[in-house]
Protein chains: 2
Amino acid sequence: MNTRRAQILDAAAVLIGRQGYSATSIDDVIKESRLSGKSHFYHYFRSKEELGFEVLDRQFERFAERGLAILREPMIDPMERLSLFIDSLVAAHAARGCHGGSPFGTLAAEMADAHEGFRLRIAQVFVRWASQIQSLLWEARPQLLDDVDAVRLSRFIIAALEGGLMMSRVKRDIVVMEGIALDLKRFIVMHLREPNAVPHPSAGV
Amino acid sequence: MNTRRAQILDAAAVLIGRQGYSATSIDDVIKESRLSGKSHFYHYFRSKEELGFEVLDRQFERFAERGLAILREPMIDPMERLSLFIDSLVAAHAARGCHGGSPFGTLAAEMADAHEGFRLRIAQVFVRWASQIQSLLWEARPQLLDDVDAVRLSRFIIAALEGGLMMSRVKRDIVVMEGIALDLKRFIVMHLREPNAVPHPSAGV
DNA sequence: GGAAACTAGGACCGACCAGTCCTAAACGCA
DNA sequence: TGCGTTTAGGACTGGTCGGTCCTAGTTTCC
């Protein structure tokens, strides 16, 4: 992938994540990625919409590389991986100073009812994300209770995390996100056959 | 309160809830609330920002009237009230056809990093909402385990609900929200001294 | 009856918006 | 050497934005 194009997408992702899509102008993106002018931008993208779509696609790829990679780590116990994944989200949020860095939640709230193309793409990211967690839960099924609904649980995990990130962002308080991550882990442990036999100390309180 | 002013606020709340703040123009609001022109609007509001602030304030009042009133109903068991409150949010979301009606989540995601005035007001709404749940949990403390952290639990409930509403909105599927509400109730029941002694059948599955 | 508030509606402002068009210099590679 | 891509940058268009100003008719209430 072209370096310059990637730079533009990164800059746009940050701006959209902070300000939203409609509040982010092409000129903002040009300024942030130090392009020479409009025509330089339009050399790489046909429209603002195309930029938005690709920011969204790239968002999941980036996220898959960093965060979701933990979910697939074969040497670690599945449920331990889930705990580490939650920790990594909290850590990334703390590293951003409780500011919005990923344009995902922002775009979801802004475009869900306003732009069908964005809505469908965001829904697709949700599905891909959830299916990663579902296959992890499938892998951990010997440890899990028989009546665990993997689809429902994966959605709940994502909803709690996204809602927590939003709330923590508004309050500018990492403790809020840490508390939600803690409760979420307690909920997940509830689905184990032996809730007290936590596979690794760091997964607990 | 002035009728016309209230109409404008209602119209603006719907538009902002659907499109976001920056994507909603004054002209949109004028059109939606059938005002005669710009000067008619500016007769009631000094600026778009003032409109946004008051939409947010009104949002909580409206919400307090309808939804949060359930939390204070003195004749019903506290934990049962919490369950009914969650049901009422799901029902309202379903009634809107899984579209965004309340500008709260939308504004939170859009403005948290972009506008300090909005951020502080949204944070205040979170606090007021959470404190309602906290006092309910305090009321229910004889039924609850000793180590229940009411502040943390109230935040978790709100985060899960808001995250669930967002996800359900993106997927346009009420089942998503219903599943999250179900899991959230299961988590809440986990904090009871006698988890199996559910006070009322409708609080369960 | 008169003042104050409300309704109505048009003209206008500077700023910004997404997007187009144009010229021309620097670059990479065969 | 030459050709295609990238960088550079300015001028421009039609439209929308938030906001102001102005005139004038209508209602409300003391």
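Just so we're clear, the structure is a prediction, and the values are computed from it rather than from any experiment. Throughout, a chain's letter reflects where its sequence line sits, starting with A, and its residues are numbered from 1.
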Q. Just by distance, do the side chain of A:Arg119 and the backbone of B:Val170 share a donor-acceptor pair under 3.5 Å?
A.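 Yes, because the side chain of A:Arg119 sits within donor-acceptor range (under 3.5 Å) of the backbone of B:Val170.
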(Q) Could you check whether B:His115 and B:Glu49, counting side-chain N and O atoms only, form a donor-acceptor pair closer than 3.5 Å? (A)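 Distance-only check passes for B:Glu49 and B:His115.
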Q.
We want to know whether A:His40 and A:Arg34 form a side-chain donor-acceptor pair, criterion being a heavy-atom distance below 3.5 angstrom.
A. no
Q) Taking only side-chain nitrogens and oxygens of B:Arg4, does any of them come within less than 4.0 Å of OP1 or OP2 of D:dT27? A) no
Q: Flag this pair as yes if the NZ/CZ of B:Arg121 is under 6.0 angstrom from the six-membered ring centre of B:Phe53 and inside a 45 degree cone about the axis; otherwise no.
A: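 B:Arg121 over B:Phe53 ring: yes.
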Q) How many Å lie between CZ on B:Arg5 and P on C:dA5, as a whole number? A) 14 Å
Q. How are the rings of B:Phe63 and B:Phe85 set relative to one another: parallel (under 30°), tilted (30 to 60°) or perpendicular (over 60°)?
A.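 Aromatic pair B:Phe63/B:Phe85 classed perpendicular.
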Q) Using a heavy-atom distance cut-off of less than 4.0 Å, which residues of residues 24-50 of chain B contact DNA chain C? A) B:Ser36, B:Ser39, B:His40, B:His43, B:Tyr44
